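First comes the structure, then the notes that go with it.
Values below: all heavy atoms of this structure, side chains included; hydrogens, waters and symmetry mates excluded. Since this is a predicted model, take the numbers as computed values, not measurements. Here is how names work: the chains are called A, B, and so on, in the same order as the sequence lines, proteins then strands, and each is numbered from 1.
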Protein chains: 2
Amino acid sequence: MFELDLRSRSPVYEQLVEKFKELIINNVMKPDEQLPAVRVLAGELTVNPNTIQKAYRELEHRGYIYSVPGKGSFVRPAVPGNNAAKLRTLEEELSRIVSEMLYLGSTPQEIITRIKTQLAKGEGGKLDD
Amino acid sequence: MFELDLRSRSPVYEQLVEKFKELIINNVMKPDEQLPAVRVLAGELTVNPNTIQKAYRELEHRGYIYSVPGKGSFVRPAVPGNNAAKLRTLEEELSRIVSEMLYLGSTPQEIITRIKTQLAKGEGGKLDD
DNA sequence: TTAACTGTACTATATATGTTAGTACAGTTA
DNA sequence: TAACTGTACTAACATATATAGTACAGTTAA
């Protein structure tokens, strides 16, 4: 399904959380679509099932998936609203990154253009439904 | 000088790296300005000197400061160029964040406006010299 | 030169986190 | 019933983080 970097300082379960989050956010995995079974994914990635489950538990806690014992784990449909706190965090991250790009020599023009390009492509949103 | 969250999952030395990076990028600490001595900052923050030194070593490795044994640690002046790799990483982060903001319900208009506002303020760059 | 500062290196110890291994139990479905 | 699903738990091990203490060499001002 995807690759892991076992030598990374980022723990495996955290890498898994990021990968699935990416797939869900970018609508590659659709709402209510089933994730691989814990044991199956563990087998494919040669990783312990406990590690996969830890990632799934975290994804559920962060609101990206829901799990039903006996059935499986599924993509949770995005709920509008209640995202104010998360959005504030993301806006701070955004500021940080823009600041760092300016520090490294990017021009405001380049940054604006880059973002407009991405937004025009409809990346990451539900624009390409 | 600033606050630490000892209960954070983020290690203390990593928090220190981020804090100083922030101060340097936003030009709060000027080029060649001296950082607090390892033992002094350790005393102020009630943290082990080894932890401070680990943060400084990391900051030096990432190119934000330089240290001179016997003298002290100082802010390294930003060098233009050689930043292509870092910029590529930041652009990827930027894309990730914009995608997530769209997922959480932000409109492209809001995102663009927010970034233009920040750029106009001259935040983070050397624009406010 | 001495004293007090600077960064740096090293060992040892304690604790927390991440990962694996193995076992077990309950719900679901063909 | 058999084979799947998530979940919980213990035990063991490796690594990362942080503290404590000691030590050494370069710098600087009295």
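Neither OP1 nor OP2 of dT5(D) sits under 4.0 Å from any side-chain N or O of Ser73(A). Residue Thr51(B) places no side-chain N or O under 4.0 Å from the OP1 or OP2 atom of dT17(D). OP1 and OP2 of dG7(C) both lie 4.0 Å or more from every side-chain N or O belonging to Tyr56(B). Not one side-chain nitrogen or oxygen of Lys71(B) sits closer than 4.0 Å to the OP1 or OP2 atom of dG26(D). Of the side-chain N and O atoms in Lys54(A), one or more sit less than 4.0 angstrom from OP1 or OP2 of dG18(C).
Counting to the nearest Å, the C1' atom of dT19(C) and the CG atom of Leu45(A) are 14 Å from each other. With rounding to whole Å, Glu14(A) atom CD is found 15 Å from dA16(D) atom C1'. Counting to the nearest Å, the C1' atom of dT15(C) and the CZ atom of Arg7(B) are 18 Å from each other. Across the protein-nucleic acid pair, Gln34(B) atom CD and dT27(D) atom C1' stand 11 Å apart, rounded to whole Å. Rounded to whole Å, the distance from CG on Leu59(A) to P on dT7(D) is 12 Å. Here dG18(C) presents its C1' atom at 13 Å from CG of Leu16(A), a figure rounded to the nearest Å. The nearest whole Å value for the distance from the CZ atom in Phe74(A) to the P atom in dG27(C) is 17 Å. Atom pair Asn48(A):CG and dC13(D):P shows a separation of 16 Å (rounding to whole Å applied).
Across dT19(C), dG21(D), dT7(D), the shortest atom-to-atom separation from the side chain of Asn50(B) is found for dG21(D). The side chain of Pro69(B) lies closest to dG7(C), out of dT19(D), dT17(D), dG7(C).
Checked by atom type and distance alone, the side chain of Ser106(A) never pairs as donor or acceptor with a backbone atom of Leu102(A) at under 3.5 Å. Without hydrogens or angle criteria, Gln34(B) side chain to Lys71(B) main chain gives a donor-acceptor distance under 3.5 Å. In this structure, the side chain of Asn26(A) does not engage the main chain of Val28(A) through any donor-acceptor pair within 3.5 Å. Side-chain N or O atoms of Thr117(A) include one that pairs as donor or acceptor with a backbone N or O of Thr113(A) at under 3.5 Å. Using modelled atom types, no side-chain atom of Gln118(B) and backbone atom of Ile115(B) make a donor-acceptor pair closer than 3.5 Å. The backbone N or O of Phe74(B) lies less than 3.5 Å from no partner atom in the side chain of Glu33(B), so there is not a single donor-acceptor pair. Judged by distance alone, the side chain of Glu22(B) and the main-chain N or O of Val17(B) form no donor-acceptor pair under 3.5 Å.
The residue Glu60(B) sits close only to the backbone: its heavy atoms come under 4.0 Å of sugar-phosphate atoms, none of a base. Heavy atoms of Arg57(A) sit nowhere under 4.0 angstrom from any nucleic acid atom.
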(message) Reading 5' to 3' and counting Watson-Crick or G-U wobble pairs with both distances under 3.5 Å, write the dot-bracket notation for DNA chain C, | for bases paired outside the strand.
(response) ||||||||||||||||||||||||||||||

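Side-chain N/O atoms of Arg39(A) and base N/O atoms of dT7(D) include a donor-acceptor pair closer than 3.5 Å.
The two residues Tyr64(A) and Ile24(A) have their closest heavy-atom pair at O-CD1, 3.6 Å.
Between Pro11(A) and Val68(A), the residue anchored closer to the 5' end of DNA chain C is Pro11(A), taking for each the nucleotide with the nearest heavy atom.
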